[in-house]
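Data block below; observations after.
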Amino acid sequence: MSRRDKEKKRLEDIFPTGVYELCLLGILLFAALLGSVLSGCSVEETNRTKVADLEYSIMEETEIPEELMTMIEEKKAADFKLTYERGEDLYIVRGYGEQATGGYSIRIKDCYLTSNAILFDTELVGPRKGESASASPSYPYVVIKTEKCNQSTIFE
């Protein structure tokens with residue numbers, strides 16, 4: 001009896017009839033599935049080189065679509081980034097979560113197209129020294145609207 005046959009016999013003694021074959025089949029299927037999943041995944045490098053400026057408008061709260069406003073309300077207590085598409089429009093939202101006082105604003109540092117993405121760079125600006133700010137918490141966020149262009153969005 002060969003070594004392989006001895007090993008198979010030993011495994012058949014451990015596992016009831018048919019279980020050994022099922023386990024072996026399961027392992028082979030898992031390996032095949034894992035191989036196909038891993039071969040289908042890729043990481044795309046995002047080129048951050050500016051190709052063109054992106055035209056956009058900053059939205060007032062009353063202009064924000066109701067569904068998007070609901071999403072913002074749900075997320076506003078924590079730092080968040082989101083995009084929302086409606087028709088031919090793309091809304092890009094950046095929120096900075098709960099701040100201890102009022103008087104905060106958000107500065108848009110950059111908003112442009114790269115070869116494969118939209119880059120949206122913002123900065124939270126605190127209240128100026130000597131400026132009177134409300135003592136109640138605030139939830140600063142900014143919403144811009146631009147034309148949908150089927151690109152991913154990078155938040156800086």
Let me confirm one number: the OG-NZ distance from S115 to K50, rounded to the nearest 0.5 Å. 14.5 Å
How long is the gap from CD on E123 to OG on S105, to the nearest 0.5 Å? 9.0 Å
Take S134 and T101 through the test side-chain contact (heavy atoms from CB on, under 4.5 Å) and record every step on the way to the result. CA-CA 6 Å; S134 74; T101 65; 5.6 Å; no
Please evaluate residues D89 and K148 with respect to the criterion side-chain contact (heavy atoms from CB on, under 4.5 Å), reporting the C-alpha separation (whole Å), side-chain torsions for both, the decisive distance (0.1 Å), and the verdict. CA-CA 5 Å; D89 297 323; K148 184 167 59 172; over 6 Å; no
Would you call the rings of F80 and Y141 parallel, tilted or perpendicular, where under 30° means parallel and over 60° means perpendicular? tilted
Closest non-hydrogen atom pair, E98 against P137: OE2-CB, 3.5 Å
Quick check: is Y56 connected to M59 through a chain of hydrophobic side chains (ILVMFWY, heavy atoms under 4.5 Å apart)? no
Rounded to the nearest 0.5 Å, the OG atom of S138 sits from the NZ atom of K76 at a distance of 10.0 Å
Decide whether L113 and I154 are clustered together by the hydrophobic rule: side chain heavy atoms of Ile, Leu, Val, Met, Phe, Trp, Tyr closer than 4.5 Å, transitively. no
Identify every side-chain donor-acceptor pair in residues 60-69 under 3.5 Å, counting partners at least two apart or on other chains, and give the distances.
from, atom 1, to, atom 2, distance (Å)
E63, OE1, E60, N, 2.8
E67, OE1, Y84, OH, 3.1

Is there a side-chain contact (heavy atoms from CB on, under 4.5 Å) between R94 and D79? Walk through the geometry before answering. CA-CA 8 Å; R94 176 67 170 100; D79 190 87; 3.0 Å; yes
Is Y112 reaching over with its side chain to a backbone N or O of R48, donor-acceptor style, under 3.5 angstrom? yes
Less than 4.5 Å apart, side chain to side chain, heavy atoms only: is that true for V143 and I72? yes
Should Q99 and L124 count as side-chain neighbours, where that means a heavy-atom distance under 4.5 Å? yes
Is there a path of hydrophobic side-chain contacts, each under 4.5 Å between heavy atoms of I, L, V, M, F, W or Y residues, that connects I106 with I144? yes
Given the rule that I, L, V, M, F, W and Y join up when any side-chain heavy atoms are under 4.5 Å apart, are Y91 and I118 in one cluster? no
Identify which one of V93, V142, T146 satisfies the side chain to side chain contact (heavy atoms under 4.5 Å, CB included) criterion when paired with F120. V142
Check for me, please, whether F155 and L90 land in the same ILVMFWY cluster - side-chain distances under 4.5 Å, paths through other members count. yes
Once rounded to the nearest 0.5 Å, what's the spacing between atom CG of L54 and atom CD of Q151? 10.0 Å
If you measure only the distance, is there a donor-acceptor pair under 3.5 Å linking the side chains of T122 and Y96? yes
Sidechain-backbone polar pair: T114 side chain, N116 backbone, donor-acceptor under 3.5 Å: yes
On a heavy-atom basis, which atom in P140 and which in Y104 lie closest, and how many Å separate them? CG-CB, 4.0 Å
